[in-house]
Trainee: 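So that we are looking at the same thing, I have put the structure below in structure tokens.
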Amino acid sequence: MDAADLDYRVRTLSGCIPPLLVSRLLELGHAGEVEFQAGRGEWFCAREWARLLGEQGRQTEALETLAPYAATGWWPASRAKAELLESWGWVEEAIERARPYAQAGNRLALEFFAHLLARHGRGDEAFTLLRAGIDDWFLADCLVDIAEGAGLDEEAAALLEGRVEAVPPCGDPDCDSRRTEPSNAIGLLAAIRERRGRVEDAIALLHTRSTTSVNGRDQLADLLARHNRLEELREYAATEYHGHAARRLAEVLEERGDIEGAIDVYRQPGDSPARRYNGGVLLSELLARHGRGDEAIEVMRTLAESPGGEDWIVDTLCTLYADHGRAHDGLAYLDALKARRDGEEGWDFFRMRLPLMADCGLLDEAIEQARAHPEGDTRYAAWSVSDLLAEAGRTEEAVALLEQHLPSNSSLLARHLIDLGRIKDAVGVLQEPRPKPAEPTWTGTFSTEPPF
């Protein structure tokens with residue numbers, strides 16, 4: 001067993017039994033196979049089998065299951081051991097299991113170790129470990145999280161203030177996100193100010209940034225919502241570029257039962273942030289949640305037919321048709337779309353027909369049309385066609401089809417084989433070695449040919 005190999009297979013889910021199929025094996029009563037594969041280098045089997053042994057009070061066996069993996073020095077295995085130890089109440093053993101990795105500078109291990117210490121009354125120690133990594137946004141976030149429970153908010157704030165105050169002025173309005181280390185220093189400092197009751201200071205801090213949106217959420221908008229400052233949130237939503245503040249405003253109004261108000265947020269003029277960034281999709285979801293499916297469909301249909309309407313918008317529209325018992329209307333829409341494209345219908349659009357046809361009781365016809373499509377014998381079409389075959393009770397045919405397109409679709413093939421009880425065949429498919437992609441060799445010059 002090798003740490004690099006384990007890491008590659010787990011990251012890429014290649015050459016191994018993935019978590020969903022481990023769960024499927026257990027669900028269908030194949031615990032013996034999971035136990036067997038746990039001893040043969042299958043990490044996801046080992047992790048799940050160790051958990052089950054622990055639940056049965058067989059802690060020694062659980063630790064022995066994970067021991068060969070942890071012996072490679074691979075952090076995820078040692079983390080899994082530490083999590084089991086903690087769940088059994090063996091806290092000191094869990095701490096000692098994780099400590100060497102944290103001390104070695106593994107930032108993921110350090111974050112885990114710090115939270116482990118904090119959960120068991122050792123927040124001061126965790127804070128001391130983390131403060132040396134204050135320049136790392138990930139560790140800084142962890143430090144601020146731990147500071148709250150440890151009563152060290154002011155100490156954390158002082159560290160962050162030092163980072164913010166040390167930043168030289170910048171004349172470029174777009175450079176503020178790169179001016180501090182850690183890059184999230186202002187956001188974290190604002191979070192501390194808010195939880196210490198200094199809401200005005202927190203708001204003022206966030207207003208010094210050109211954007212406070214990360215991963216679809218806006219920190220300033222969330223803060224305003226938490227403190228019931230709806231008028232300020234409305235003003236902010238009208239100008240916030242990404243549309244995340246508008247979404248938060250609509251969420252607040254919906255939570256308060258003001259559905260019409262939430263709808264109005266998304267029905268702003270076409271150049272508003274709320275409309276510019278998937279506001280139509282959010283509006284259709286809102287309408288559907290409140291039993292207004294026909295209106296939701298009309299919103300998505302308008303969006304799909306607008307200039308620049310993308311494939312995924314049409315796909316979402318078709319899903320709405322199916323979810324609201326209007327599969328025939330969905331097919332009619334696709335027919336009209338095909339006619340506008342001079343009878344051309346690539347697989348990306350054609351595959352949207354298949355679940356609609358199935359809902360209309362046309363499952364066999366869907367299979368025939370899919371196989372007759374010009375792209376019906378491709379590896380990407382095999383996924384959809386095999387699902388139709390399985391739904392029709394023709395799983396053996398689905399298996400035969402997918403076997404023609406290995407190693408693509410190997411997980412789907414394995415799932416069907418498991419459902420047929422062909423466990424060894426399924427495992428063999430999953431464990432088939434795949435060549436790792438070659439690392440490009442640096443020649444000292446940049447390519448002038450795409451991809452550049």
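Numbers for residues simply follow the sequence, beginning at 1. Quick note: numbers below take in every heavy atom, side chains included, and nothing from hydrogens, waters or symmetry partners.
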Trainee: Got Glu125 and Ile146 here, is their nearest side-chain heavy-atom distance under 4.5 Å?
Mentor: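 Side-chain contact under 4.5 Å: no.
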Trainee: Do Thr319 side-chain atoms and Asp315 backbone N/O form a donor-acceptor pair below 3.5 Å?
Mentor: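 A pair under 3.5 Å: yes.
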Trainee: Please answer whether the main-chain N or O of Leu205 pairs with a side-chain N or O of Thr208 as donor and acceptor at a distance below 3.5 Å.
Mentor: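 Yes.
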Trainee: Please check: side-chain N/O of Asn106 versus main-chain N/O of Ala109, any donor-acceptor pairing under 3.5 Å?
Mentor: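 Side chain of Asn106 to backbone of Ala109, a donor-acceptor pair under 3.5 Å: yes, one is there.
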Trainee: Check each of Val10, Ile17, Asp7 against Trp43 using the side chain to side chain contact (heavy atoms under 4.5 Å, CB included) test, and report the only one that passes.
Mentor: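 The option that passes is Val10.
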Trainee: Got Thr212 and Tyr236 here, is their nearest side-chain heavy-atom distance under 4.5 Å?
Mentor: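 Yes, close enough: below the 4.5 Å cut-off.
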Trainee: Looking only at heavy atoms, what is the nearest atom pair of Pro182 and Leu160, with distance?
Mentor: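 Smallest interatomic distance, heavy atoms only, reads CG-CD2, 4.4 Å.
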Trainee: His324 side chain to Leu320 main-chain N or O, any donor-acceptor pair under 3.5 Å?
Mentor: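 Yes; judged by distance alone, with no hydrogens or angles, the pair exists.
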Trainee: So, Glu240 side chain and His242 main chain: donor-acceptor pair closer than 3.5 Å or not?
Mentor: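 Indeed, once roles are kept as given, a pair shorter than 3.5 Å links the two residues.
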Trainee: For Tyr241 and Thr211, test the side chains for any donor-to-acceptor distance below 3.5 angstrom and give the result as yes or no.
Mentor: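 Side-chain D/A pair, Tyr241 to Thr211: absent.
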Trainee: Among side-chain atoms of His120 and Glu86, is any donor-acceptor pair under 3.5 angstrom?
Mentor: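 Present: a donor and an acceptor within the cut-off.
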Trainee: Do Glu111 and Arg107 sit within salt-bridge range, that is, some charged N less than 4.0 Å from a carboxylate O?
Mentor: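 No salt bridge links Glu111 with Arg107.
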Trainee: Using a cut-off of 6.0 Å, state whether more than 12 heavy atoms not belonging to Trp90 lie near its atom CH2.
Mentor: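 Yes.
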Trainee: Are Glu194 and Arg198 close enough for a salt bridge, meaning some N to O gap below 4.0 Å?
Mentor: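 Salt bridge flag = no for Arg198 with Glu194.
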Trainee: Checking the side chain of Asn409 only, and the main-chain atoms of Arg379 only, is there a donor and an acceptor separated by less than 3.5 Å?
Mentor: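 A pair under 3.5 Å: yes.
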Trainee: Under 4.5 Å between any side-chain heavy atoms of Arg326 and Asp294, yes or no?
Mentor: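 Sidechains of Asp294 and Arg326: in contact.
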Trainee: If you look at every heavy atom in Arg217 and His244, which pair is closest and at what distance?
Mentor: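 Result for this residue pair: N-ND1, 4.2 Å.
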Trainee: Just so I know, are the side chains of Glu154 and Arg196 near enough to count as touching, which here means a heavy-atom distance under 4.5 Å?
Mentor: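 When only atoms from C-beta onward are counted, Arg196 and Glu154 do touch, with a gap below 4.5 Å.
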